[in-house]
Each structure stands twice: as C-alpha cells, then as structure tokens.
Amino acid sequence: MSTLLQLISFEYRKYVFTRGFLLFLLLFPILGVLAAFSLVVSENAAPVRAFVVIDETGGQYEAVIDEALMKERTRRELAAWDSFAAQAVMVEASSAFPLSAPFAPGPRSDERLDAFAAAGGLAAALQAAGPYLRADAPITPVVKDSFIRLSLPPDVRRVAGGAEQINALRPYLGGEQMMPGGRPLFAAILIPADAGGGGAIQFWTNNLIDDSLLNAIDRWITRDLRLKAFQDAGLTPADVRAVERLSIPIGRYTLGEQGEEDGEAAATDFIRTYLPLGLAYILLVMITTVGSMLLTSTVEEKSNKIIEVLLSSVSATQLMVGKLIGLAVVGLTIPLIFLTSGGIAIALTGSSEVTEAIKEVLFGSHLLPVFLGYFIVGYLLYASIYLAIGAMCSTIQDAQSFVTPLYMAMWAPLPFLQMIVQDPNGLIARIFTWIPIYTPYAIMMRMSADPPQWEIIGASVLLGITVIYVLGLMGRIYRNGVLSNGGAPTLKQVRELAQRQKA
Amino acid sequence: MASNTASATAPNSVPVVQLSRLTKQYGAFTAVDDLSFSVERGEIYGFLGQNGAGKTTTLRMIMDIVPPTAGSLNVLGASRPRAVKRRVGYLPEERGLYRKMKARDTIAYFARLKGLPGGKAKRRADELLDRFGLGAFAKSKIETLSKGMAQKVQLLSCIAHEPELVILDEPFSGLDPVNQQVLEDMILEMRKGGRTIMFSTHIMEHAERLCDRFLMIRKGRKVFEGTLEEARASGDSTLILQTPDDPLPLLSLPMVTDIVAGDQGRYSLVVGRDADRQPILRACLDQNIRVEFFGEERPSLHDIFFQLAGTDQVERDSQ
C-alpha cells in the first residue's frame, strides 16, 4: 500500500472504527424511530381538557357546545378511519372498495360526517371492515377527545349565581380539588344571560398557554350566532349550509420533466422539491462535522507532537491530502450507510408511494451525482480552511478564535433560507449562488426549480477556481504552520505563513 | 569508547550525511549559518550545542522537513533527502504518539509509513517489543503506558523499518538514569548492526561515552568537528598545581591565561595549548611557591564544550 493510502486508511479507521461513530450509526435510526414515536405519543398523550359551562341563558349554548363537541369527535373518527382504511382494507385490483358510503373513501363533507355518525362511527366502520382487513394491517386507531364537558360538582351547583359559582370553582381551577371522577378542571365558561345580545363570555382558567378550548368555544358559538342571524334574515338552515359549503376547488399542478406529461402534483413532486433541501442541509451538517474532525485531528497531532515524527516519513502535502481524502470518505460513509439501510428496510417491508417517490427522485434524476460533486468541492473548500487553522494552533482553545468566524460565515445565509425556498430563482437565491462559499448549498436548494444552466455552470466554475486558490493558500499555511510553536498566531503571522514559499 | 574511528572512517567511504555550506534563515534570524560537516558510515556521531544553537533546525533540514535557505546536502547519496526518507529513522526532539493507539499498532503504523508491508510491520513491532521488555504491553494503549515505556515505543517506532541511518534529536532528555542506560545500549547495539547513528545532545557524558566523532555548533556555526582527542588538543590545556601558597604571581607569566582556585590548595592553571611547562615550575621555585603536585588535567568533553560552544566563549567573542 502506498504511503498516501496508508494515511487515508489510518484517518478513516481512526474515526469510523470507534465506539463513538458506531454508536452514532446505531443511535441515529433509533432517534428517527423515537421522533416518529413521539409524534404518535404526543397525539395520544395530549391531555383531555375537562371544562364546565355555567350557562345563564337557560342551557341554550350548552347544547351548542355539546353538539360541536360531538361533531368534532366524529370528524376525528372519520379522519382516523380514512387513513386506517387506506392502509388496512384489502382492495382487489380493478375492483371497488368493499365497503359502501359512508365508510368508503370520500371527501370529509358535512353530509358524510353526519352519515358516518349516524352509521355508528369508527366502531361500526371497524366492525364492517373486519372481513376485508389485510393480514399486515396497522393497529386499529383509537380516537381520543381533546375536550370533555363535565357537569358542575354538587357543591358548586348548590351555590346560586354565575359569579358565585365561579368563585366556588376556584379550588377546582387551582388544582387543589379534583372534579368528580378525578379529572382536573381546565376551564370554567360563564355564559351570561345576554350572551347573544352583546354580553361577553367569561373564560376562567389557570392555564394561559393552551388557548385551544377558548378558540373552539369562540368558533362554535360565533357560528351558532351567525346561523341564527341568517335565519332571522329569512334563510333556511339548508340555505345557510349551502352557502357555508361554497368553496372554489384548487388543484396543484406542476410542469412535468421533458417527455413527461404535466400532471396534478403527486408525492414525487413534493419530494422533488423538498429532497434537495434536505440534502443541502445534510451537506452542511456533513461538512461541519467532518471539518471539525479534521480540526481536532490536526490539533491533536500538533499538541501531542506527533507531527514531526510523521513528517520524517511523509511530506506535509501528503499528510494533508491523506487527511482530506480519509475524512471525506468518513463523511460519505454516513449517508452511504443510511442509504443502504434504507434500501434494505424498503426491501424488507415493501415500498409505499413515498419510498417509491424518494427512490425515483434520488436515482431517476441527477440529484445524487450533483450532491456528491458539491459535497466534494464544498468539503475541500471548508476542510482545507479547518486544516490550516489546525496547523496554526496547538490547542482547541486557540483554534476556537478562528473557527467561530468561520462558523458564522457558514451559517450567515440562514435568515435568507425561507426566501430561497420560496423563490428558488429569485434575486437572493441567485446572489448566494454566486458567492462561492455558498454555491453548493444554494444550487442544491435551487435544484427543484431548474435554475438556468449557465448560472449553474458559471457559479460552479467560480467555485472551482476559488477552491483551487483556497486549497493552495491553506496548503501553504498548513505546511508552514504545522511545525510552528506558540499560541494562536496573529493575523499578520497568518499572512506570513500563507506567503512563505517552500525553497 | 570514543576513539574507535579507524574502521568507521575508511579513507574512500562515501559519507552517509554530508552538508556543505548549509544555511537556514527565518526572516532576519539565521538559525544555521554556513554549516559543513560529514557523517561517515557506521559511526556514532554526536551533535553538540546549547539550546537554540541550531541543532534541531539542522536535523530537520537533513530530514527534509524544513528546506535550507542556501547550501547543499547529501543524505545516503541523494541530494533530495526525501528520496531516501525510508532508509532513515528519525526521532525528533518534540515527539509524541497517538494516545489512543496500542503500542504494537503504533510501531507497525510508523513502519508502514516507511514502506514496510503490513504483515512484516506487525511482526517487526512484536519482535522489537519483546526484545526491549515491552512484550506484555503490546496491546496496551499508549496513554496507559509509563513515560519511560512510551519513550521506548517512540524509539522503536523510528527504527522498526531497519533504517541505515538513525537520527536522534535529544534522545536522552526526559529519561531516567535506568532508561538512559537502556538507550545507550540500544545505540551501541544499532552500531553493532552496521547502522550509522547521529544524535544531538547537550548532556556531554553520553556523547563522551558513545560518540566516535562530534560536531559542536554555536549560534548556528560550526566550532569543532572531530574526535574527543582532537577536541582535547584543540583547546587550552589545564595544569593542576597544588600548593599551600598563593599562586597568583604566576599570572605574570605570558603562557598562563587564568588561575582558578579549587579545593584544598588545588589550583587550575589555564595555559596555551603548546605552552612549555618548565618555565612555570621554575617560576614557582623563584617565587617561593611550594609545589606539592604539578600535572596536566585531561579536559572532559564538558570542559571542552564550555570552552568552544559555551556561554563563556559567547561572552569572550562578543567583547
């Protein structure tokens, strides 16, 4: 094995065959699973908010609230059913869905909601679907309520007057006393007798952060008031419903690639838009991670005085190239492993629309080669700077003073990210494309919007020239700085290191 | 020990290291100034000088780690030392190892960098560790070894590829007396195996015991090159006079340049190298200085170093 290969393999093994790296590989998918799990859990673990209503209008709005709560529950059940049915119910090719309306898939309209509730809701739907469930159907959905209305506790009911009752509810609202059944009271709603005619509803709670119930009550009662106003104006409830149902449908369309038909936006199109974004982010993370590995590796060799032993066997240039390549391979190992394990996971569990779309976008376009190309070029740019910093500094503390501005420069475009995403061919996006240190990210992010080819080529050429220049400059600093002693150099010393030529 | 040069410097042998008029400047500072010397095959060559005299810079130029500003050098027949790096073993003054690496892997890695194939490098590492009493620590990480053991591993790392020329920069510094002796034995063994060893030091005792020839430099310039005998002959002589009387009147003699008082009536008289001793004895008799002992003291390398490359010389020169 040549000396360079020795150096590359040494650097690679030093980072990859470590407990830390293996642990990272192991933990990363676990973290993904945890994240997915937390989504499910947070949905299930969201607290059920219990509230009481003191309705001084004689129960008029209490009924409105109860009806709205009922409807809300049906809506959730129908949504849960629809997403469950799409995955769990067997549909023979070319045959229709085995269940009829309202259990068959369809728009979640008021009519379907009503029919679904009338047919018995989720429980009835699950029972009806029983014979048609696939063997590998996901677990049956359970729908939880967000809000539950409780009746007033007996000791409060004995008190006369809304204000007094609220007063009597204080220990419940403060959490000192539980409601009958053991639930804590989240809120008490006092609806005055003149609620329809300008009187304000009082919403009593000790939780000022969660205003979901307040908004819901507002929505429900306002809707009821409007409905009544319409009726007073002579409209029938059916008319009002018809008016409410009015909406203009908008379909999302995208232009197909050449030779492809234009079509309604599908999963592929979304992935085509967002995958490059994700890849740009991965690019940034990879470059930063690997760059800091390079920095610590160089500083270690300097502070532990290994560098001169190494230099007696290899030249500074060989050492630098060995490190750059070795750690680039480390950087590429991470996505390669994830890609492979993703592939294996798909092969084992079968593919879905989304995984198919990801596959198509990754392998059906030039996204991967572009990603690889910009990773290498962008990596060389930043990594050579990290190397030079490492060569000048004997301790990580010394290096920090140089690394901080580098980090700041790297993350500077962050506030403009949204603008680039929303307008990938806009002015901001184009400006960042032409700043070499941001070119790789900018072009990755613009990929989905097909930026003008001359811009890609021009900016890439500029990037290439910059990389060659920076690599040369940083190489000189590395060669000259790697044997220097003392703390962090001054800017003047850095300039001298960059200029001094090897005789 | 220090006189066995006849076989090492056979008349027509090509020098292993040859420097001619080598200069290294860092900006306005001249670290090595017009330095020429040569190291012959099979000898132990001592490189002496104070801290900051330019020893490390010279060795780094020989190893092609820093380029010279002017002059030329030839190592193992190559004018670009890089071409023969694999035939040279180098232990720098500033040395360290990868703390997380195992002793055996460390030696094998540095040997592989010098071109030894992987399997052979590992076998060689095991063999060396066994021979130098570290066999049981082959799989220990460097950070768990004692300082002396780590230094041994360091030295083994630079000789595992069986180099023809071994260059050691201050190899004794930081070693306890036992390990200093181990290192001396290793150096002698390497010479027995036909290797050429060049080492720098500022501890004269090692050089005196080990070296066939020396180079002394001061402020980057050569002040002496040759054997210990030649060094002794090159400086002033010291005569020892033991007397109960005051010998100061002897300073009036032209050949006596200095008188230094020692213990119990012993005085060191510094005289010119070829000075005649008889007039001094006669002067003693004339001045009624009783002579209890009179004889020549063979200067140690330490004394010669002080004379040639030490601070006194620096001060004398600057006057």
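Predicted model, so just to flag it, every value in this text is computed and none were measured. Chain naming here is simple, since letters A, B, ... match the order of the sequence lines and numbering starts at 1 in each.
At a 4.5 Å heavy-atom cutoff, the contact between Tyr109(B) and chain A is made by side-chain atoms alone. Of the two parts of Ile307(A), neither the backbone nor the side chain holds a non-hydrogen atom closer than 4.5 Å to a non-hydrogen atom of chain B. In this structure, chain B has a heavy atom under 4.5 Å from the side chain of Glu301(A), while its backbone stays farther away.
Looking at heavy atoms from C-beta onward, Phe10(A) lies out of side-chain contact with Asp105(B) at the 4.5 angstrom threshold. Within the 4.5 Å cutoff, the side chain of Arg86(B) has heavy atoms near those of the Thr3(A) side chain. Lys114(B) is listed as a side-chain neighbour of Ser312(A), based on a closest heavy-atom distance under 4.5 Å. At least one side-chain heavy atom of Ile306(A) sits less than 4.5 Å from a side-chain heavy atom of Tyr98(B). Within the 4.5 Å cutoff, no side-chain heavy atoms of Cys158(B) are placed close to those of Val309(A).
No more than 12 heavy-atom neighbours from other residues, nucleotides or ligands sit within 6.0 angstrom of NZ on Lys102(B). Open room surrounds NZ on Lys122(B); 12 or fewer heavy atoms of other groups in view lie less than 6.0 Å from it.
Considering CG of Leu311(A) and OH of Tyr90(B), their distance stands at 9.5 Å, rounded to 0.5 Å.
Counting only distance, with no hydrogens or angles, the side chain of Lys100(B) and the backbone of Lys14(A) share no donor-acceptor pair below 3.5 Å.
Between Val314(A) and Lys85(B), the closest heavy-atom pair is O-NZ, 3.5 Å. In terms of heavy-atom proximity, Arg13(A) sits nearest to Arg112(B) at NH2-NH2, 3.6 Å. Closest non-hydrogen pair, Ser313(A) versus Leu113(B), comes out as CB-CB, 4.0 Å. Nearest heavy-atom pair, Glu300(A) versus Arg99(B), reported as atom, atom and distance to 0.1 Å: OE2-N, 4.3 Å.
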Checking salt bridge (charged side-chain N to carboxylate O under 4.0 Å, His left out) for the pair Lys305(A)/Glu93(B): CA distance, chi angles, key distance, verdict?
CA-CA 9 Å; Lys305(A) 320 234 183 250; Glu93(B) 181 183 10; over 6 Å; no
